[in-house]
Amino acid sequence: MARRNLNWMVGAVATLMCGHVIAGPVMDEVKSKGSLVCLVSPNAPGFSVPDSQGVFQGFNADFCRMAAAAILGDASKADIRGVGFSDSLKTIVARQAHLASRSITSTGTRDADPGVSFVVTSFFDGQGFMVPKSLGVKNASQLNGATVCAEEGSTTLLNIADYFGDRGMQYRVENIADKTARLAAFFSGKCDVYASDVTALTSDRLLATEPAAYQILPEVISAEPLTLVSQPDAAFEKAVYWAFQVMLNAEQFGVNQANVDQVVASLATQPKGVARLFAKDGATADMGQKLGLPTDWAYQVIKQVGNYNDVFERHLGASTAFGMQRAGGVNALVRDGGLMYPYPIR
Amino acid sequence: MRVKHTVLSGLFVITLGVAFTLIAWSVHNNLKSAGLELDFGVFWDSAGFDVSERLIPYDAGDSYARVIITGFLNTLLLALTSIITASILGVWVGFLSVSSRWSIRTLAWGFVELLRNQPKILVLLILFVVMVQTLPPVSSAWSIGGVVLSNRALLIPAIPLGDGILILGYVAAVLVWLRRRPHLTPSLLWSSLVIIAVAGWLLLRTEVPIDRPIREGFDYRGGLRISTQFLIMLLCLTLYHGAQIAEVVRGGIQAIPMGQIDAARALGLPPNRVRWLIIWPQTLRLIFPPLSNQYINTFKNTSIAIAVGYSDLMSVTGTMINQTFRPIEAMSVTIGLYMVSCLIIAAGLNRLNHRLNRHSRA
C-alpha cells in the first residue's frame with residue numbers, strides 16, 4: 001500500500017512539476033545511471049521470487065537481466081523490483097521504471113496509449129480456471145453459479161465477464177487485490193474457482209498445502225501474449241526487441257550458455273548465421289554500434305543469461321517443480337511447432 | 001484591522017487561484033505534448049467487468065459512470081456503518097479506560113495500544129485470513145433459524161421491501177404511542193402486547209412471503225446477503241477507529257473537573273447517572289472537533305477495502321484506469337467524490353458542534 005501511494009505521489013509530482021514533457025531517450029538515462037530499473041511481480045514462483053539474498057530470480061526476472069546485459073554489458077546491473085500489477089503500468093507511465101517484465105497482456109487499447117510501449121512477447125499464455133478436485137467439476141461449462149476469485153484490476157476480470165456473459169451463465173466475482181488474501185480466499189473455499197493465466201495457476205497451485213487437491217480445467221478462454229513493456233523510446237525498444245531475438249536465434253543454432261565460449265572460440269567452423277551473431281565484424285556488432293550497445297552485446301546476453309531455452313528450462317522446465325513441457329506448446333520455436341519465431345539477424 | 005484581514009484573504013484566494021490555474025495549464029500542456037487529450041466521454045463506455053457487490057443493479061455491460069456510482073455507494077455504506085459502530089465501541093472503551101478498577105483500565109489500555117500501533121492494512125489482512133479460514137465453507141455452512149453463515153457471506157431471511165416498510169411503520173407507531181405515556185402502567189403494557197400479538201398474527205395470516213436463503217449448486221441463493229469482506233472491513237474499521245475514538249473520549253472525560261463529579265456524587269446520583277447526565281454531555285462538547293476528524297479518517301480509510309475484494313470506489317476506479325489508461329479523468333472524479341463527501345461530513349458535524357456549544361458560550 002505504501003508503495004502504491006508513493007508511486008502515485010511520484011507520478012503526480014512529476015506531472016505537475018515539470019513545465020514540459022522530457023521526451024529524452026530512456027536509453028541515455030539507463031546508460032548514464034548505469035542501471036536499468038525493471039519491474040516484476042513480487043511473488044510469482046517460477047517467474048519472479050526473491051531468493052535468500054532478496055534478489056529476484058525467475059523466468060521474468062531473467063528478461064530484465066537480458067536487457068541489462070545487452071545495454072550495459074552486465075546482467076547484474078538490472079535493478080529488479082517487485083511491484084503489483086496495477087502499479088507496474090502506472091510506474092512506467094510516470095517514468096519511474098524503464099522496463100516491466102511481468103505478466104502483462106498486450107492488448108490493442110493498452111498499446112494505443114502513448115505512455116507505454118509493448119516491445120516483445122516473452123511468453124504466450126491464456127486464461128484458465130483452477131478448481132478444488134472435491135468440487136467434482138470437469139470443465140468450465142459446469143461453472144454456472146460459481147464464485148470466482150481473480151486479481152483486481154486485471155484483464156482477467158473482463159475475460160470472465162465475457163466468458164460467463166456470452167454463455168448466459170451466472171457467477172459471482174471476488175476481485176481481491178492482495179495476493180495473500182486472494183489465495184487464502186481460494187484455498188479456504190471462499191471462492192469455488194480461481195481464474196488467472198494458466199502459467200500463474202500452475203505456479204500458484206504449488207502454494208497450496210496440498211497441490212494435488214487442485215486441478216486446472218482444460219479450457220483456455222483467452223489469448224494472453226505476455227509482453228515486455230517499456231517507456232516509449234525507439235532505441236531502447238529496439239535493443240530489448242533484438243536482444244530477445246538473439247536469444248531465439250542462439251537457440252535455433254544450438255548455442256547456449258554452456259557452450260557459447262566454445263562456439264565463439266571456433267567461429268570459423270560454425271555456420272554463417274552463428275558468425276553473424278557473435279563475430280566482431282558480425283551483424284550484431286554493426287547493430288550494436290547503431291543502437292549504442294556494447295560491441296559484444298549478443299555474446300553477453302547468451303553468456304550471462306542464456307538462450308530462450310536455457311531460461312525456460314532453468315525456471316519452468318521439466319527439472320523444476322512446475323514441470324512445464326515446452327515442446328509442442330505455444331512457447332516452442334516455430335520449427336518445433338510453437339510461436340517463437342527467430343527473426344533474421346543479418 | 002478588518003481592512004488588513006480582507007486584503008490578506010483576497011491575496012490568499014488570488015494566489016491559490018493562480019497556483020491552481022498554473023497546475024491545470026501545465027497538466028494540460030504536458031498531456032497534449034504526450035499526445036493525450038482529456039476526454040471525459042470515456043465514462044460512458046462499457047466497463048466490461050463485474051463487481052463483488054452492488055446496491056443498485058449493475059452488470060458488466062453497463063458504463064464506467066455506473067460502476068463508479070456502484071462503487072461509491074459501497075464506500076458510503078461501509079463508511080456510515082463503520083462510523084456508527086466505531087463510535088459505539090470507542091465511547092464504551094473510552095469509559096472503560098477511566099474505570100476505577102485497575103483490571104478494566106488495563107484491558108482497555110491494552111486494546112487501544114494493540115490497535116493503535118499496527119498499520120491498518122496489516123490488521124485487515126490478519127482479520128481476513130483468519131476469518132476466511134475459521135468460518136466454514138459453503139458446503140458446511142452454519143445455519144441457525146434460517147440465518148446462514150459461511151466464509152462467503154452472512155445470509156438473513158428477508159422480507160419484501162413493501163411489507164418491511166409496513167411492519168417497521170407499525171412498530172414505530174407502537175413505540176411512539178408508548179413514548180407519549182410517561183408512566184408505563186402494567187395494564188398499558190399488557191394491552192400493547194396484546195395489540196402487537198394480534199397484529200403479528202394478522203400479518204402471518206396474510207402470509208408475508210419471506211425470502212429464505214436456499215442451497216443451490218455452488219452457493220446459497222436468496223435472502224439478504226452481507227458479504228464476509230464487508231463484515232471484515234466493518235470489523236477492521238470498527239476496531240481500528242474504535243481504539244482511536246476511545247483515546248479521544250478518554251481525553252475528553254479526563255478534562256472534566258473532578259469537582260463536577262464529586263458534586264454529582266454528593267447529590268446522591270448513582271454512577272450510571274453521573275456518567276450519562278454529568279460527564280457525557282460535557283465530554284461530547286469537548287471531543288466533538290477531534291471526533292469529526294476521526295469520522296473523516298474513517299471515511300477515507302474505507303479505501304483499503306481494495307485489498308480484500310470489497311468493490312469500493314478506489315477498487316472500481318483502479319480497474320477503470322488499468323483498462324482505459326485514463327488516470328487523470330478517473331482520478332479527478334475519484335478525488336472529487338471523496339472531497340465532496342468529506343466536506344459534507346465536516347460541514348454537518350460543524351453545524352452539530354455549533355448547536356452543542358450554543359448554550360455553553362456565554
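Hydrogens, waters and symmetry mates play no part in the numbers below; they use all other heavy atoms, side chains included. Chain A is the first sequence line, chain B the second, and so forth, proteins listed ahead of strands; every chain is numbered from 1. Because the structure is predicted, anything quoted here is derived from the model rather than measured.
Neither the backbone nor the side chain of B:A24 comes within less than 4.5 Å of any heavy atom in chain A. For A:L158, the parts lying near chain B are the backbone and the side chain together; criterion is any non-hydrogen pair under 4.5 Å. In this structure, chain B has a heavy atom under 4.5 Å from the side chain of A:Y171, while its backbone stays farther away. Contacts between A:R172 and chain B at a heavy-atom distance below 4.5 Å involve the side chain alone, from C-beta outward. Residue B:R54: no heavy atom, backbone or side chain, is found under 4.5 Å from chain A.
A donor-acceptor distance shorter than 3.5 angstrom exists from the side chain of B:Q229 to the backbone of B:G309, with no hydrogens or angles considered. The closest donor-acceptor contact from the side chain of B:T228 to the backbone of B:N151 lies under 3.5 Å. Between the A:S41 side chain and the A:R102 main chain, no donor and acceptor come within less than 3.5 Å of each other. The backbone N or O of A:G84 sits less than 3.5 Å from a side-chain atom of A:S88, completing a donor-acceptor pair.
Residues B:S311 and B:S52 have side chains that bring a donor and an acceptor to within less than 3.5 angstrom of each other. A side-chain N or O of A:Y194 and one of A:R182 form a donor-acceptor pair less than 3.5 Å apart.
Atom NZ of A:K238 has 12 or fewer heavy atoms from other residues, nucleotides or ligands within 6.0 Å.
A salt bridge does not link A:D87 with A:R81: every distance from a Lys NZ or Arg NE/NH1/NH2 to an Asp or Glu carboxylate oxygen is 4.0 Å or more.
Not a single salt bridge (charged side-chain N to carboxylate O under 4.0 Å, His left out) links A:D125 to another residue, sequence neighbours left out. Under the salt bridge (charged side-chain N to carboxylate O under 4.0 Å, His left out) criterion, A:E29 pairs with A:K33, not counting sequence neighbours.
Against chain B, the residues from residues 134-151 of chain A that qualify, each with a non-hydrogen atom under 4.5 angstrom away, are A:L135, A:V137, A:Q142, A:L143, A:N144, A:G145, A:A146, A:T147 in number order. Residues of residues 123-144 of chain B having a heavy atom under 4.5 Å from any heavy atom of chain A, listed by number: B:L125, B:F128, B:V129, B:V132, B:Q133, B:P137.
Taking all atoms of both residues into account, the shortest heavy-atom contact from B:N74 to B:E53 is ND2-O, 2.9 Å. Across every non-hydrogen atom of A:V40 and A:S101, the tightest pair is CG1-O, 3.5 Å.
Among A:D192, A:L157, A:N159, the residue with the largest count of heavy-atom pairs under 4.5 Å with chain B is A:D192.
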